[in-house]
Amino acid sequence: MMVAAAQPRPRRRAVFVDRDGTLMPDLHYLARPEAAELARGVGDALRLFHQHDYLVVCVTNQSGVGRGLFPEETVHEIHRRLNTRLRSYGAHIDAFYYCPHRPEENCECRKPGTALFRRASEDWAIDFPSSAIVGDRLADVEAGTRLGLFTILVPEVGHEALVDRELAERGMKPDVRASSFGAAAAAVLHRG
Ligand SMILES: [Mg+2]
Ligand SMILES: [Zn+2]
């Protein structure tokens, strides 16, 4: 009797995107979902990612939960709102992964930890070498570097010098430094 071999699942590529300071302005421990708005250029860029067969996965540190500043439900509400906003661009975020811990807890999921990325990779069969990360801070570049992702830094306006200092102190360098989310998207798509 023939036994059908399990078909290997094809690996997919993804663009991992940071949330605060990248998908939306960094409003620091945002507890009011109604204040969450997409940053400029994000809607069109995410639509392009999907058109080029990238999954879009948001990985975000939300220590405000662990600090007791807002409940996990608030995080979910903000994520639902971002996806509602994206709908008018014909775009969406496939999945959100967040770390609720405080830095002192030394968890493995807070960026630059890579646990959430590895979980996403298992959940969605994501191939890291053909995937990218777009973020505004050192932690995004560092996590991406550890995982072998194509790393794109888009510092928030006004924070460029701070981010440069952080990177220099850690001896880190992104593959691309972009001045807008749209420029970051172009770099991802240009890579092929
Ligand atoms: Mg950020
Ligand atoms: Zn964590």
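All ligand and atom numbering here is 1-based and tracks the order in the structure. Throughout, numbering of the chain's residues begins at 1 and tracks the sequence.
Inspection of the environment of the Zn ion (ligand 2) yields the following protein N, O or S atoms under 2.8 Å: C99 SG, H101 ND1, C107 SG, C109 SG.
One finds the CZ atom of R81 at 11.5 Å from the CG atom of L86 (value rounded to the nearest 0.5 Å). To the nearest 0.5 Å, atom NZ of residue K173 and atom OG1 of residue T145 are 11.0 Å apart. Atom-to-atom distance recorded for D164:CG and L153:CG is 7.5 Å, nearest 0.5 angstrom. Interatomic distance, L147 CG to E142 CD, rounded to the nearest 0.5 Å: 11.0 Å.
Across all their heavy atoms, G21 and E156 have their closest contact at O-CG, 3.4 Å.
Of all protein N, O or S atoms, those under 2.8 Å from the Mg ion (ligand 1) number 3.
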When the side chains of residues 179-189 are checked against the rest of the protein, which donor-acceptor pairs come out under 3.5 Å, sequence neighbours left out?
unit_1	atom_1	unit_2	atom_2	d
S180	OG	A183	N	3.0

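Pairs passing the ring pair (Phe, Tyr, Trp, His ring centres under 6.0 Å) check and including a residue from residues 80-110, sequence neighbours excluded, read H50-H92, H76-Y98, H79-F96.
Counting heavy atoms from C-beta outward, M24 and I78 have side chains that approach closer than 4.5 Å.
Formation of a donor-acceptor pair under 3.5 Å by the T114 side chain with backbone atoms of A143 is not found in this model.
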